[in-house]
Amino acid sequence: MSHFTDLAHQYIDGEWKPGSGSWDIIDFNPYTGEKLASITVATAGEVDLAYRAAERAQTAWAETNPYARRLVLERALRIVEDREDEIAETIVAELGGTRLKAAFELHLAKEFLREAVHLALRPAGSILPSPVDGKENRVYRLPVGVVGVISPFNFPFLLSLKSVAPALALGNAVVLKPHQNTPICGGTLVAKILEEAGLPAGLLNVVVTDIAEIGDALLTHPVPKVISFTGSDKVGRHVATVCAQNFKHAVLELGGNSALIVLDDADLDYAVDAAVFSRFVHQGQVCMAANRILVDRRLEAEFTEKFVAKVRTLRVGDPADPATHIGPLINTQQAESVAGAVEQAVAAGATALLHGTVEGSLVSPSVLTGVPAGAPVLSQEIFGPVALILPFDGEDEAVRIANDTPYGLSGAVHTADVERGVRVARRIHTGMIHINDGTVHDEPIVPFGGEKHSGIGRLNGDAMIEAFTTQKWISIQHGRSRFPF
């Protein structure tokens with residue numbers, strides 16, 4: 001684990017150094033409890049140094065030929081490909097990701113890097129007509145300047161790169177704050193790869209710290225123009241409020257409470273497979289996970305039996321073992337919180353067809369049915385291996401139940417009639433929804449994001465250009481304007 005200690009530093013203006021805070025963030029392996037590294041936190045002063053370094057470096061970077069900017073990202077992609085095994089080991093150790101999950105995260109990270117390479121050349125200006133004779137209207141697409149990125153613990157490598165790489169490709173500089181549970185995968189590992197790829201000093205800075213140390217310094221600092229935040233809706237609401245007060249644009253990718261809907265004509269075995277994966281991938285610590293599985297009452301008994309039988313076969317344990325399906329949650333507090341949500345639902349009258357047990361940070365799956373209307377578990381995001389099976393009578397009721405949540409991130413509809421599925425999908429208030437598939441998908445050029453409490457704005461493809469560039473109108477009067485006085 002020596003590379004953990006090598007990466008256990010702040011990365012500011014091209015230099016690796018300890019923070020100057022008075023306490024350390026301890027990075028643990030959530031499965032073994034082994035201490036991987038300790039990192040002295042960055043102070044608000046160091047956040048300022050990081051933003052000032054970004055501001056200085058960005059001017060020349062914005063003027064760098066986009067073909068040259070692209071080369072840095074191409075090299076970064078090659079480094080990720082060359083070190084795939086090592087990065088996978090880091091994901092398994094730091095966040096308890098299974099082998100399958102690490103491979104899934106790395107596959108997506110490479111796809112997003114490939115897209116970032118192309119993104120460097122995509123922003124296009126335009127020349128627009130004018131009602132004024134002799135006037136030429138040019139609209140330029142320019143980098144916003146400096147972007148603050150705050151990434152979560154569940155897919156830290158992917159979700160840091162997903163904002164960092166496009167922001168850099170488009171001519172911006174970045175200050176990245178990874179989640180304190182995943183400072184390496186979500187932060188310094190990303191910096192190390194880009195440093196080796198030849199990114200000039202100052203363009204990417206990583207501050208490993210916590211609100212307890214810096215308060216809102218990352219958000220209120222005058223330098224960043226855009227904050228890209230991925231995390232909970234509770235923190236997202238705070239980020240949005242502070243950004244609005246400081247005239248910053250916030251891109252928010254927040255939690256979900258997605259519904260996977262099984263209509264009466266669905267392929268039952270296939271729907272079971274999709275639902276099990278959509279709920280239990282990465283221990284259920286996925287914003288797009290199928291928290292609620294809605295099944296037409298005519299299929300409920302058969303679906304439930306097959307679903308429970310398949311969930312029983314999932315292996316819970318060491319994420320380093322390739323046979324493991326479900327590894328640890330990120331920490332024991334999270335494990336206890338998930339167990340508490342199950343107890344609360346059962347106390348309210350739900351039936352546990354499987355009742356998960358907790359051992360340290362390992363939580364085995366729970367499957368609940370008969371959840372009474374109004375139970376908190378129906379509307380909250382459960383970041384753990386807990387499935388709720390809810391029956392419905394007909395499409396209208398399915399739509400009503402699916403929409404009965406403050407969230408609107410992902411979803412799925414299973415049916416033999418694709419167009420029927422699309423008709424139902426169009427009625428669900430959600431940013432993304434998939435017909436005859438799982439709920440967990442992310443693709444480099446398709447707009448990704450949520451409605452309601454699941455976020456503001458979109459990422460991926462052209463949405464990256466919207467998020468990380470601004471437009472500037474420059475007009476030229478080739479003739480002479482007439483002024484009324």
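The shown structure was predicted, so the numbers you read here are calculated from the model rather than taken from an experiment.
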Apply the test salt bridge (Lys or Arg N to Asp or Glu O under 4.0 Å) to residues Lys452 and Asp233: give CA-CA distance (whole Å), side-chain angles for both, the deciding distance (0.1 Å), then the verdict. CA-CA 10 Å; Lys452 301 193 283 189; Asp233 58 311; over 6 Å; no
Could you state the interatomic distance from OH (Tyr11) to CG (Asn205), rounded to the nearest 0.5 Å? 8.0 Å
Less than 4.5 Å apart, any side-chain heavy atom of [X] and any of [Y]?
X      : Y      : result
Lys101 : His325 : no
Leu36  : Glu94  : yes
Leu95  : Ile330 : yes
Val295 : Phe307 : no
Asp27  : Ile25  : no

Could you work out, with ring-ring contact (aromatic ring centres under 6.0 Å, His included) as the rule, every residue matching [X], not counting sequence neighbours?
X      : answer
Phe153 : His179, Phe383
Tyr407 : none
Phe280 : none
His9   : none

Answer yes or no: are there more than 12 heavy-atom neighbours, outside [X] itself, under 6.0 Å from its atom [atom1]?
X      : atom1 : result
Arg297 : CZ    : yes
His429 : NE2   : no
Glu196 : CD    : yes
Ile211 : CD1   : no
Ile26  : CD1   : yes

Quick one: does any side-chain atom of [X] pair with a main-chain N or O of [Y] as donor and acceptor, under 3.5 Å?
X      : Y      : result
Gln10  : Val208 : yes
Thr324 : Ala320 : no
Asn436 : Tyr270 : no
Gln283 : Pro328 : yes
Arg292 : Ile401 : yes
Arg279 : Gly384 : yes
Asn291 : Gln380 : yes
Glu105 : Phe157 : yes

Excluding sequence neighbours, so at least two apart, what forms salt bridge (charged side-chain N to carboxylate O under 4.0 Å, His left out) with Glu451? Arg458
Just one of Glu74, Glu81, Glu443 clears the salt bridge (charged side-chain N to carboxylate O under 4.0 Å, His left out) bar with Arg114, so which one? Glu81
With [X], which residues qualify under side-chain contact (heavy atoms from CB on, under 4.5 Å), at least two apart?
X      : answer
Pro322 : Arg99
Ala88  : Ala102, Leu106
Ser379 : Pro406

[X]: side chain to side chain donor-acceptor pair (under 3.5 Å) partners, not counting sequence neighbours:
X      : value
Asp273 : Lys310
Thr304 : none
Arg315 : none

For Phe104 together with His282, are the ring centres under 6.0 Å from each other? no
If I compare all heavy atoms of Gly256 with all of Ser454, which pair ends up nearest, and what's the gap? CA-OG, 3.9 Å
If the test is side chain to side chain contact (heavy atoms under 4.5 Å, CB included), which one of Val316, Leu329, Leu314 qualifies with Pro385? Leu329
In a check of side chain to side chain contact (heavy atoms under 4.5 Å, CB included) between Leu219 and each of Ile214, Val242, Thr241, which one passes? Val242
Polar side chain donor-acceptor pair, Thr415 to Asp265, under 3.5 angstrom: yes
Scan side-chain atoms only and decide if Asn257 and His453 contain a donor-acceptor pair under the 3.5 Å cut-off. no
Just list the side-chain donor-acceptor pairs under 3.5 Å for residues 159-170, sequence neighbours left out, or say none.
unit_1, atom_1, unit_2, atom_2, d
Ser160, OG, Ser151, OG, 2.7
Ser160, OG, Pro156, O, 3.0
Ser160, OG, Gly186, O, 2.6
Lys162, NZ, Asp442, OD1, 3.3
Lys162, NZ, Asp442, OD2, 2.6
Lys162, NZ, Asn460, OD1, 3.4
Ser163, OG, Ser228, OG, 2.8

